[in-house]
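By convention in this document, chain letters (A, B, ...) are assigned in the order of the sequence lines, proteins followed by strands, and residues within each chain are numbered from 1. Model, not experiment: these values are computed from the prediction.
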There are 2 protein chains.
Amino acid sequence: MPGGPPWWQRRFKGYGYRLTLPRQIILDVLSRTSRHLSAEEVYMAVRRIYPAIGLTTVYRTLDLLAQMGLISKFDFGDGRNRYELTAGPGSEHHHHLICISCGRIIDYTDFIDDEVEFLSMIGKTLSKKYNFKINTHQLQFYGLCDKCR
Amino acid sequence: MPGGPPWWQRRFKGYGYRLTLPRQIILDVLSRTSRHLSAEEVYMAVRRIYPAIGLTTVYRTLDLLAQMGLISKFDFGDGRNRYELTAGPGSEHHHHLICISCGRIIDYTDFIDDEVEFLSMIGKTLSKKYNFKINTHQLQFYGLCDKCR
DNA sequence: TAGTTATTGAAAATGGTTTCCATTATCATT
DNA sequence: AATGATAATGGAAACCATTTTCAATAACTA
Ligand SMILES: [Mn+2]
Ligand SMILES: [Mn+2]
Ligand SMILES: [Zn+2]
Ligand SMILES: [Zn+2]
C-alpha cells in the first residue's frame, strides 16, 4: 500500500500536502469499503494495520480529504459524521435513502443521469440569481426501510 | 399567544400531547422568524418572553415538533442542529444554498414545483424498488456565496 | 376540585470533535 | 545519503452540543 495509487499522490503534491502513511492508510481503508464510516470506525479499521494511529489524526485527515474533495462528509442524523469516498474508480455519484427508524443508509444511482442534469440546470440558474458558486450538492430521502415500515 | 393558532392545537390533541406554555411559545418564536435557529437561539428568544424556560425543554420540544412534522431539523455543517417551521401559513416548501465559507444559508423556491414533481417521480420509483416509505426529502447546494467567492 | 400523570427545569453526565504542544517524519536541498 | 526546515502526528485535556436523571410542577380528565 505505501506509494499507493498514483492518482491521489499527485493530488497531494498539487495541494502542497505531504504524502504520509496515516493519510494513505485512511484513504486505503475508505477505498475498500462501500459503507459510510464514522471517524471512530475509520480509526478502528486503520488501527489493525497501523496501531500507532491517533484518533486526532483521523479527524484531521478526514477534514483534509473532504476539503480536497476526495471524500464526502455526511450527517445522517445519528450524532456523528460519516465519510465516503467521492472520487476515484469504484465510486460513482449517488444519493441516499435514510431510514429514520433503524438508521440504515441505502445508496441509489437510479435516474442519476437525469438527476444530475436536472440539478445542474437548476444550479446554473441559482448561481446566476444569487451569485453563488456551487461546488457540490446533496439529496436525501428520509423514511422507513422495508424492515421498519 | 396562549391558546395559539387552533391548527396546531388540534394537532397536539390528535397526538395525545398536552398543549403547554413552553411548547406554544417555542412554536410562536419559530413562526415569527424566517431564520434557521439553533436550540440555543430558540432558548434565548423564548427566555425574553418566558424566563423560566429550560434549555432541556427546548431540546425536547424541538424533537417533538420535528417528529410531529411541524418543524424541520437541519445540519448545515456548523456543529449544531438548526430548526425551521415546516407547516402552516407563511412557510412554503423550499431548499437551501449553503456557503461553506461563512455559513450563510439561502432559502430558494425557484423551480420548486418542477423540483418537487421530479423528486416525487424519483421517489415513487425508489419506494417501489427498495420497498422504502419516503416521508421527506432534503436537497442542498454547497458552495460560496457572493461575499465569499 | 382532586387525582393522575405528562411535562418541566436544574444539574450532572455523555460523547463526538477540537485544541494544545512536545515529538516525529516528510521532502527539498546539500 | 545526510541535513535542515517545517508539516504532520499522537496523547491528554478541553470543548460544547445534546442527553439523562429525578424531584417538582402543571395540564387534562373525571
Ligand atoms: Mn453513499
Ligand atoms: Mn430554510
Ligand atoms: Zn430501517
Ligand atoms: Zn459566504
Side-chain angles (χ1 to χ4, degrees), chain A residues 1-4 6 8-27 29 36-44 46-47 49-68 71 73-83 103, chain B residues 1-4 6 8-27 29 36-44 46-47 49-68 71 73-83 103:
Chain A
M1 44 265 58
W8 67 43
Q9 286 195 48
R10 266 186 277 103
R11 197 78 159 262
F12 272 90
K13 305 281 172 153
Y15 276 97
Y17 297 141
R18 294 182 181 175
L19 194 62
T20 68
L21 244 180
R23 286 173 181 174
Q24 293 178 67
I25 297 176
I26 288 170
L27 215 31
V29 160
H36 308 84
L37 301 179
S38 66
E40 185 77 31
E41 288 170 337
V42 170
Y43 174 60
M44 299 203 294
V46 172
R47 272 228 277 196
I49 307 168
Y50 187 79
I53 190 76
L55 182 55
T56 308
T57 298
V58 173
Y59 274 105
R60 271 187 305 231
T61 302
L62 291 173
D63 277 351
L64 191 78
L65 297 177
Q67 184 244 299
M68 290 170 71
I71 67 176
K73 183 179 185 176
F74 294 95
D75 169 33
F76 293 130
D78 64 342
R80 72 207 63 188
N81 288 116
R82 295 185 169 277
Y83 302 84
Chain B
M1 50 261 71
W8 68 43
Q9 284 196 51
R10 266 185 276 105
R11 198 77 159 260
F12 271 89
K13 305 281 171 152
Y15 275 96
Y17 298 141
R18 294 182 181 174
L19 194 62
T20 68
L21 242 180
R23 288 174 179 173
Q24 292 179 69
I25 297 175
I26 288 170
L27 214 31
V29 160
H36 308 83
L37 301 180
S38 66
E40 185 76 31
E41 288 170 339
V42 170
Y43 174 60
M44 299 203 294
V46 172
R47 273 228 278 197
I49 307 168
Y50 186 79
I53 189 79
L55 181 54
T56 308
T57 298
V58 172
Y59 274 105
R60 274 188 300 231
T61 303
L62 291 173
D63 276 351
L64 191 78
L65 297 176
Q67 185 244 300
M68 291 171 69
I71 67 176
K73 183 177 184 175
F74 294 96
D75 169 33
F76 293 130
D78 65 342
R80 73 208 62 192
N81 288 117
R82 294 185 170 276
Y83 302 84

When every non-hydrogen atom of B:Asp75 is compared with those of B:Arg80, the smallest separation belongs to OD1-O, 4.2 Å
Which pair of non-hydrogen atoms, one from B:Pro22 and one from B:Ile53, has the smallest distance, and what is that distance?
CB-CD1, 3.7 Å
Could you tell me which non-hydrogen atom of B:Tyr43 sits nearest to which non-hydrogen atom of B:Gly54, and how far apart they are?
CE1-C, 3.8 Å
Minimum heavy-atom distance between A:His36 and A:Glu41, given as atom pair plus value
O-OE1, 3.9 Å
Does anyone know the first and last nucleotide of DNA chain D in reach of chain A, 5' to 3', at under 4.0 angstrom to a heavy atom?
D:dT6 to D:dA12
I would like to know whether A:Met68 and A:Phe12 meet side chain to side chain contact (heavy atoms under 4.5 Å, CB included); could you show each step before the answer?
CA-CA 9 Å; A:Met68 290 170 71; A:Phe12 272 90; 4.1 Å; yes
Rounded to whole Å, how long is the line connecting atom OH of A:Tyr43 with atom P of C:dG15?
17 Å
Candidates B:Ile26, B:Asp63, B:Val29, B:Leu37 - the one meeting side chain to side chain contact (heavy atoms under 4.5 Å, CB included) with B:Val58
B:Ile26
Side chain to side chain contact (heavy atoms under 4.5 Å, CB included) evaluation trace for B:Tyr83 with B:Val42
CA-CA 9 Å; B:Tyr83 302 84; B:Val42 170; 5.5 Å; no
Assign A:Gly16 to base, sugar-phosphate, or nothing according to its heavy-atom contacts below 4.0 angstrom with the strands shown.
nothing
Mind calculating the distance between CG (B:Leu62) and P (C:dT8) to the nearest angstrom?
12 Å
What string of B, S and - do you get for nucleotides 19-30 of chain C, 5' to 3', if B is base contact, S is sugar-phosphate-only contact and - is no contact with any protein heavy atom under 4.0 Å?
BB----BBS---
Quick one: pull up CD in A:Glu40 and OH in A:Tyr59 and give me the separation to the nearest 0.5 Å.
6.5 Å
Nearest heavy atom decides the nucleotide; on that basis, is B:Val58 or A:Tyr59 closer to the 5' end of DNA chain C?
B:Val58
Would you kindly give the CD-to-P distance between B:Gln24 and C:dT7, to the nearest whole Å?
13 Å
Axial bend angle, the helix from C:dT1-D:dA30 to C:dT30-D:dA1: five-pair end segments, nearest 10°:
40°
Could you check B:Glu40 against A:Thr61 and say which one's nearest nucleotide on DNA chain D is further toward the 5' end?
A:Thr61
Starting from the C-alpha separation in whole Å, work towards a yes-or-no answer on side chain to side chain contact (heavy atoms under 4.5 Å, CB included) for B:Leu27 and B:Trp8.
CA-CA 9 Å; B:Leu27 214 31; B:Trp8 68 43; 3.4 Å; yes
Could you tell me the separation between the CD atom of A:Gln67 and the OH atom of A:Tyr17, rounded to the nearest 0.5 Å?
4.0 Å
5' priority, DNA chain D, between B:Arg80 and A:Gly54 [closest heavy atom]:
A:Gly54
Taking every heavy atom of A:Leu55 against every heavy atom of A:Ala39, the minimum-distance pair comes out as CD1-O, 4.2 Å
